[in-house]
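Notes for the one structure printed next.
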Amino acid sequence: MSESSTRKEIVGKLFLVYIAVVAFALVIVLKVLWLQVAEHDKWANANTISQKDIIIEPDRGDICATDGRILATSVPFYEIRMDLKCPALTDEVFNRYIDSLSIGLSRVFNDKTAQQYKRKLVSARYRGDRYHLIQRKVDYIQLKELKTLPIFRLGQNKGGFIVQQENKRIQPFVTLASRTIGRYGKWGALVGIEGAYDEELKGEKGIKLVQRIAGNYWMPINDGNEVEPRNGYDVITTMDINIQDVAHQALYNQLSRHNASHGTAILMEVKTGDIRAIVNLKRNSQGTYSEQYNYAIGERTEPGSTFKLPSLMVALEDGFIDLDDSIDTGNGMVRYHDIVVRDTRVHGKLTVQEVFEVSSNVGVTKLITQYYTGNEDRFVKGLKRMGLTEKLGLEIKGERAPYIMFPTDTLWSGVSLPMMSYGYEVAQTPMQILTFYNAVANNGEMMKPRFVKAISDHGEVKKKFNPEVINPSICSKATIAKAKKMLEGVVENGTAKNLSSSNYQIAGKTGTAQIANEKYGYKYQSRTSYQASFVGYFPANNPKYTCIVVVNAPTSGVYYGNLVAGQVFKEIADKVYSTQIDLHGQEVHADNNPLSIPYSRKGYKKDLIEVLKDLKIPYEDLGINSDWVATEKRDSAVRFHNRYVKDLLIPDVKGMGAKDAMFVLENLGLSVVIQGRGSVNEQSINPGTRFRQGDRIVLKLI
Amino acid sequence: MKEKFVKYFKGDTAIWLIIFLLAIFSMLTVYSATGTLAYKKMGGNTSYFLFRHLTFLALGIGITFVVHNISYKVFYSLSQLLVYASVPLLAWTMVRGVSLNEAARWITLPGTGLSFQTSDMAKFALIIYVARILSKNQENIEDPNAAFKPILMWVLIICGLILPANFSTAAMLFAICLVLMFIGRIRIKHLLGVVGVGVVGVVLFVSLALNMSGKGRVSTWKARIENFTSGDSEGNYQSNQSKIAIVNGGLFGRGPGNSIQRNFLPHPYSDFIYAIIVEEYGLIGGFIVLLLYLFLMWRVGAIVRKSQRTFPAFLVIGLAFSLVFQALINMGVAVNVFPVTGQTLPFVSMGGTSIMFTSGALGIILSVSRTVQPLKEETEDESEIEIPEDNY
């Protein structure tokens with residue numbers, strides 16, 4: 001074959017290929033035209049109705065107590081509605097099953113009779129209601145039961161059964177510290193730790209494209225572009241729910257007893273500033289008390305006598321006075337310009353230590369005015385040096401700044417110095433006073449109150465918050481030692497003698513302040529309002545915890561801090577002391593009375609009798625006929641009472657998610673162990689079995 | 001201006017023009033199509049993908065520029081080496097490659113962190129090598145032992161190695177080689193035999209894979225072909241979305257950056273970029289892009305007619321045809337005349353490897369066109385002039 005014919009053949013064949021390529025191209029153009037013209041209507045608006053992006057809400061993180069127990073968590077709740085005009089729901093079906101459906105509803109919710117349910121459903125069907133509300137806030141267990149009822153078990157399309165899920169924030173310990181834990185609703189986080197750590201708790205939203213397919217279902221389209229939601233992190237607080245419980249009860253009882261308007265109690269760990277318990281209670285319209293406002297950080301009042309400690313510490317630090325110096329309190333009255341400062345009793349000549357122990361107003365004002373008149377600035381600067389003029393900088397919103405005047409302020413008057421010296425014309429929040437006393441207990445190192453110790457993701461710590469020091473040393477060690485001696489004296493010899501205990505020693509200061517009503521001044525409704533407080537630490541020789549209790553406007557006459565607030569303090573301290581073994585040291589238990597009757601837990605009667613016999617403790621069995629008994633501590637014996645255990649049976653949690661199952665079972669008092677991931681496949685105690693509180697149930701998830 | 005351009009951008013000016021026009025289309029469409037991706041993956045930073053793609057395009061044109069200054073003869077000898085090297089590389093990819101959607105197609109260059117699709121390299125290496133064998137044996141092309149059998153052996157080896165991970169690329173490469181052999185004057189009866197062998201091979205492979213497990217790529221292919229043939233309107237999400245895009249484009253399109261379907265189409269910046277082009281620039285825009293590829297093929301025809309030698313002719317035919325063929329398949333998938341495959345639109349789709357190798361191929365075509373241009377005044381470089389004694 002010649003050179004040129006080869007080329008000709010190649011070019012010719014190339015031309016053939018080229019024609020094929022052009023033909024292919026033509027097919028493409030024609031197909032575009034075909035789609036655009038012939039199939040225009042089929043595709044032009046195909047998408048608008050069949051697709052949407054849905055947002056996948058992340059699970060909000062939990063707020064946990066220091067031991068990991070959950071203080072706030074999100075659980076799914078369901079709103080049940082019914083489409084009574086659903087086409088498949090014919091008269092025949094409706095009329096045949098309406099009775100059994102009504103009976104079922106009545107049984108599940110236990111709020112209306114079957115007749116009432118039936119009447120409502122029939123009239124809703126008559127009206128043609130396609131979105132009839134059956135019940136709000138239905139939990140998972142109830143939902144599972146509902147799904148088995150006649151009509152409902154046909155589902156949404158055939159039975160008109162509409163389920164809408166929403167997440168509800170719950171606090172398993174209901175009222176305990178609920179204000180500090182905070183609130184969270186559809187409108188977002190508002191207050192407390194929920195608000196302060198919203199960023200960490202809320203997680204990140206996911207996006208998923210879904211397409212409508214036959215039967216009005218939305219099917220996720222796996223297009224590789226979806227964004228997975230990231231669930232929120234858990235916030236581990238420093239709170240101890242057991243102590244919180246005790247503090248709550250103690251304060252609650254005391255407020256009720258004195259018909260007080262509100263009160264607060266805070267327990268802080270000395271070394272770290274950790275808030276172990278924080279109670280805020282306010283009387284509500286029903287006359288009971290609930291957590292409504294965070295008084296601990298948000299209410300600023302004149303502290304009264306508890307402020308005498310910083311006053312005297314300024315003078316001690318400046319070297320003007322010492323504990324043995326004496327001062328004559330005269331007849332318990334002293335006049336400064338137009339006001340008269342009084343003591344409740346005439347004490348005569350007192351040492352500085354005694355002035356503090358008996359909380360002599362006259363003594364303190366005389367001491368301070370003696371050394372600081374004409375040099376007021378030095379006194380206020382002394383307070384400032386100890387950190388009393390600054391906010392603590394809490395992460396929880398709503399902390400009020402302390403109010404302390406300087407001599408340069410326009411409101412400063414001739415009586416300001418004596419008034420301030422015993423806790424008036426200044427204002428502090430309970431948390432600020434507590435932080436100051438804690439600094440004294442901690443040998444001068446002022447710790448910032450710590451609410452949260454870590455942020456974690458399913459148990460893996462993401463961020464740790466270390467204890468923060470506000471001021472490494474608020475004053476000299478010598479002044480601290482003297483302050484401690486005065487505080488110990490108050491309980492040993494002074495106004496809080498009733499709080500001394502043989503097991504361990506408390507140190508602290510009572511305070512009974514008249515409070516100025518914001519509108520009417522000190523005399524509101526011709527009665528003086530009082531604020532009883534007690535702040536201190538224990539054990540006095542080796543301080544572990546600082547605690548403040550403030551009870552506001554006790555109107556029933558007994559308004560001395562030692563009685564009203566001190567008792568709450570003592571109850572909290574006793575509980576903490578009795579549960580924390582490391583506080584006991586080598587102290588010998590003083591109580592050797594062989595006849596002392598212990599508090600006994602309620603329990604199984606036969607077992608209890610056996611144990612009590614073994615310990616040689618007398619018991620009274622007055623015609624008990626139940627297997628389970630409650631116990632009462634009497635003077636000479638443990639007395640049994642009938643106790644009927646409710647027929648609680650293990651529910652079936654198979655198929656539930658871990659969170660739902662945990663919620664259900666832990667609410668029943670079971671201790672739940674989770675193994676694996678996914679949903680519950682196996683439970684170690686069979687459904688329908690009886691159980692006891694605290695029983696362990698193992699769930700295997702797949 | 002024009003003279004300066006011709007001085008630096010040697011070879012066929014029309015092909016250079018095609019390259020620049022495609023690059024502009026590419027930039028506009030990819031920027032628009034990555035909007036959703038940027039929103040979902042980069043927190044809304046749309047310029048991230050724009051600049052990344054711009055970098056690739058600039059690099060690509062740089063590669064074209066460098067390669068078009070290299071004599072195409074270099075590839076004559078290099079092709080053998082590249083084909084030999086492809087075999088272990090493909091094998092390595094098959095075993096240890098990075099898996100995307102269950103297909104192991106990528107390997108990472110050690111030390112650099114860069115990954116590339118080995119089948120892209122093997123594809124061009126094989127095409128060049130086929131061109132070489134064909135040209136070498138033009139004298140005794142009738143003898144099946146001279147050109148036909150060696151070519152067939154290599155085509156089967158390379159396509160066989162690509163097949164498990166990337167069926168469409170393997171099939172396409174097979175078809176390109178067949179067309180090249182056809183133009184290279186291999187006898188038709190031999191070619192028909194090859195088609196038979198190819199069909200048998202595929203059937204054998206598929207039945208083997210089907211019996212081994214129900215998973216892997218086989219199920220993807222099966223589903224795709226079933227979807228295409230049955231026309232099941234609910235199961236074929238991607239092509240339906242593509243159709244919606246094309247229909248809504250109309251004659252003039254929604255305008256640059258106004259695509260709606262980019263939010264619904266998977267990979268709107270690569271596999272389905274043609275649908276986005278039609279949606280934003282209409283039938284007119286889609287037609288222009290199609291014409292650009294047809295025009296490229298036409299210019300290659302002109303080069304072939306001028307060429308005195310067979311190797312450069314087969315070389316440019318093979319390379320150009322592979323680009324145009326791939327472009328047509330990509331468009332065919334978008335308009336649903338073809339079942340869904342993962343072929344990109346050469347030089348337009350986003351994707352580093354694809355642009356790099358396409359640029360290289362275009363560089364070689366330009367290199368040939370530069371060399372075979374009629375001898376004018378600018379023949380300062382003696383070595384560039386074809387010498388009749390040359391065996392290529």
Side-chain angles (χ1 to χ4, degrees), chain A residues 1 3-48 50-53 204 206-209 211-215 219 221-228, chain B residues 36-37 39-41 101 138-139 141 179 182-185 233-234 237-238 240-241 243-251 260-261 263-267 274 278 282-283 286-287 290-291 293-294 297-298 300-301 304-305 307-308 310 313-314 317 321 324-325 327-329 331-332 334-337:
Chain A
M1 206 178 279
E3 180 95 341
S4 70
S5 75
T6 302
R7 196 157 105 184
K8 235 181 181 170
E9 191 187 339
I10 291 171
V11 171
K13 283 185 165 173
L14 177 60
F15 191 69
L16 279 178
V17 170
Y18 194 71
I19 288 182
V21 167
V22 171
F24 195 171
L26 212 61
V27 169
I28 289 170
V29 174
L30 287 176
K31 182 67 192 274
V32 171
L33 273 172
W34 169 261
L35 286 173
Q36 289 193 346
V37 178
E39 294 195 351
H40 179 270
D41 294 341
K42 186 175 169 191
W43 301 111
N45 295 309
N47 252 0
T48 47
S50 69
Q51 287 186 344
K52 62 180 180 184
D53 264 332
E204 279 162 25
I207 303 168
K208 191 172 236 174
L209 181 64
Q211 183 183 29
R212 194 202 295 269
I213 58 168
M219 182 192 69
I221 296 164
N222 206 356
D223 67 347
N225 283 344
E226 63 260 46
V227 179
E228 289 289 321
Chain B
T36 335
L37 191 68
Y39 176 70
K40 287 175 176 170
K41 297 240 164 99
N101 304 328
Q138 275 301 306
E139 303 304 324
I141 198 78
V179 169
F182 167 70
I183 294 173
R185 297 168 60 236
S233 62
E234 295 209 320
Y237 174 73
Q238 302 184 354
N240 283 356
Q241 294 307 319
K243 284 178 190 169
I244 293 167
I246 285 163
V247 167
N248 283 317
L251 189 58
I260 290 172
Q261 286 304 105
N263 299 318
F264 302 112
L265 266 173
H267 315 299
Y274 192 64
V278 175
L283 178 61
F287 193 59
L290 186 53
L291 276 186
Y293 286 104
L294 291 184
M297 194 71 196
W298 183 254
V300 163
V304 170
R305 260 179 289 138
S307 173
Q308 302 294 319
T310 52
F314 295 148
I317 291 170
F321 184 71
V324 175
F325 192 50
L328 289 172
I329 287 175
M331 296 174 191
V335 303
N336 199 28
V337 296

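By convention in this document, chain letters (A, B, ...) are assigned in the order of the sequence lines, proteins followed by strands, and residues within each chain are numbered from 1. Scope of the values below: all heavy atoms of this structure, side chains included, with no hydrogens, waters or symmetry mates.
Judged by distance alone, with hydrogens and angles left aside, the side-chain atoms of B/Lys243 form no donor-acceptor pair with the main-chain N or O of A/Leu35 at under 3.5 Å. Judged by distance alone, the side chain of A/Lys31 and the main-chain N or O of B/Asn336 form a donor-acceptor pair under 3.5 Å.
For the residue pair A/Gln36 and B/Val278, the shortest heavy atom distance occurs at NE2-CG1, 3.9 Å. Minimum interatomic distance between B/Phe182 and A/Leu16 (heavy atoms only, all atoms of both residues): CZ-CD1, 4.1 Å. Nearest heavy atoms, A/Ile10 versus B/Arg185: CG1-CD, 4.1 Å.
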Practice task
Starting from the C-alpha separation in whole Å, work towards a yes-or-no answer on side chain to side chain contact (heavy atoms under 4.5 Å, CB included) for A/Leu14 and B/Met297.
Solution key: CA-CA 10 Å; A/Leu14 177 60; B/Met297 194 71 196; 4.1 Å; yes
Problem - Steps toward side chain to side chain contact (heavy atoms under 4.5 Å, CB included) verdict (A/Trp34, B/Val335) - result: CA-CA 10 Å; A/Trp34 169 261; B/Val335 303; over 6 Å; no
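In this structure, A/Leu33 CG and B/Leu283 CG are separated by 5.0 Å, a value rounded to the nearest 0.5 Å. Atom CZ in A/Phe24 sits 10.0 Å away from atom CG in B/Leu290 (nearest 0.5 Å). Atoms CD and CD1, from A/Glu9 and B/Ile141 in turn, are 9.5 Å apart once rounded to the nearest 0.5 Å.
At a threshold of 4.5 Å between non-hydrogen side-chain atoms, the residues A/Val21 and B/Phe321 count as touching.
Within the 4.5 angstrom heavy-atom criterion, only side-chain atoms of B/Ile317, from C-beta onward, approach chain A.
Residue with the most contacts toward chain A among B/Val300, B/Leu291, B/Asn248, B/Leu251: B/Asn248 (heavy-atom pairs, distance under 4.5 Å).
Annotation for B/Phe287: atom CZ does not count as buried by contact number, only 12 or fewer foreign heavy atoms lying within 6.0 Å.
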